[in-house]
Amino acid sequence: MKKIEHIGIAVKNLEESNELFAALLGKEHYKIEEVASEFVKTSFFKVGPNKIELLEATSEKSSIAKYIEKKGEGVHHIAFAVSDIRKEMKRLEKLGFRLLNEEPKKGADNKLVCFIHPKSANGVLVELCQEIEE
Ligand code: ZN
């Protein structure tokens, strides 16, 4: 793993949280992106070499909606940048980590992503992400 790419935070209202995080971080978000396949709307802030990703559910079906219902708003996942996601997925699977998707899928911010079940990582939902080359 190369670095912490971003920290994902589940929020109820993206607009309000954008203002709150802009105040907290002293800068505006640089992008808003909807990931229709995941039923989420996201916004991103740069903090040094890392990012904060705010996630708002766009449907009841969204895992973010379910998360907020169960646990409330808060830190939802930690994403690590990897250079070869398939290789990393194989490595972790061999070690007994439970992957939530068998194939990398298209995530927000031009990334291929794969999630690791929190039950196999001390309660932390881990996201692997690899930049998609243009
Ligand atoms: Zn993420």
Side-chain angles (χ1 to χ4, degrees):
M1 313 240 179
K2 295 198 289 188
K3 64 167 186 183
I4 292 179
E5 215 280 333
H6 65 268
I7 294 173
I9 299 174
V11 304
K12 285 183 184 163
N13 182 314
L14 196 64
E15 221 171 288
E16 281 174 25
S17 296
N18 272 339
E19 277 178 37
L20 185 128
F21 274 84
L24 178 74
L25 301 171
K27 62 179 81 176
E28 297 293 323
H29 63 275
Y30 68 92
K31 101 150 71 161
I32 289 191
E33 189 181 339
E34 193 165 334
V35 185
S37 56
E38 300 291 319
F39 309 107
V40 290
K41 202 164 151 193
T42 65
S43 79
F44 284 88
F45 292 81
K46 283 200 173 104
V47 190
N50 314 106
K51 297 168 193 160
I52 297 289
E53 173 188 35
L54 303 181
L55 303 116
E56 178 197 66
T58 56
S59 153
E60 306 271 290
K61 285 182 274 184
S62 164
S63 60
I64 295 299
K66 289 171 195 152
Y67 182 88
I68 288 179
E69 202 183 292
K70 246 202 252 170
K71 300 195 173 166
E73 295 179 297
V75 173
H76 177 258
H77 64 269
I78 298 180
F80 295 96
V82 298
S83 39
D84 183 341
I85 194 164
R86 286 169 202 278
K87 198 169 137 193
E88 207 57 35
M89 285 165 69
K90 261 188 215 135
R91 184 181 76 84
L92 294 174
E93 203 164 28
K94 253 189 217 156
L95 292 173
F97 289 94
R98 196 171 133 206
L99 308 183
L100 285 174
N101 43 301
E102 277 172 28
E103 279 295 308
K105 53 184 183 179
K106 178 96 172 55
D109 202 28
N110 197 40
K111 300 279 194 297
L112 280 176
V113 305
C114 173
F115 286 91
I116 292 158
H117 199 290
K119 281 211 171 112
S120 62
N122 279 171
V124 179
L125 176 60
V126 172
E127 176 184 355
L128 308 175
C129 57
Q130 178 188 337
E131 191 87 33
I132 298 171
E133 309 285 340
E134 295 298 307

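Counting starts at 1 for both ligands and their atoms, in listed order.
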* Would you name the N/O/S atom of E127 that lies closest to the Zn ion (ligand 1)? => OE1
* Asked: Between F45 and K27, is there a cation-pi geometry (under 6.0 Å to ring centre, at most 45° from the normal)?
  -> no
* Sequence neighbours left out, what pairs pass ring-ring contact (aromatic ring centres under 6.0 Å, His included) with at least one residue falling in residues 108-133? => H77-F115
* To do: Return yes when at least one N/O/S atom of H77 is nearer than 2.8 Å to the Zn ion (ligand 1), and no when none is.
  => yes
* To do: Check E53 and report its N/O/S atom nearest to the Zn ion (ligand 1), by atom name.
  => OE1
* Near K41 NZ, under 6.0 Å, is it more than 12 heavy atoms from other residues, nucleotides or ligands? -> no
* **Identified side-chain contact (heavy atoms from CB on, under 4.5 Å) partner of H76 from the options L54, I64, I9, V11** => I64
* Structure fact -> Of all the N, O or S atoms in H6, the one nearest to the Zn ion (ligand 1) is NE2
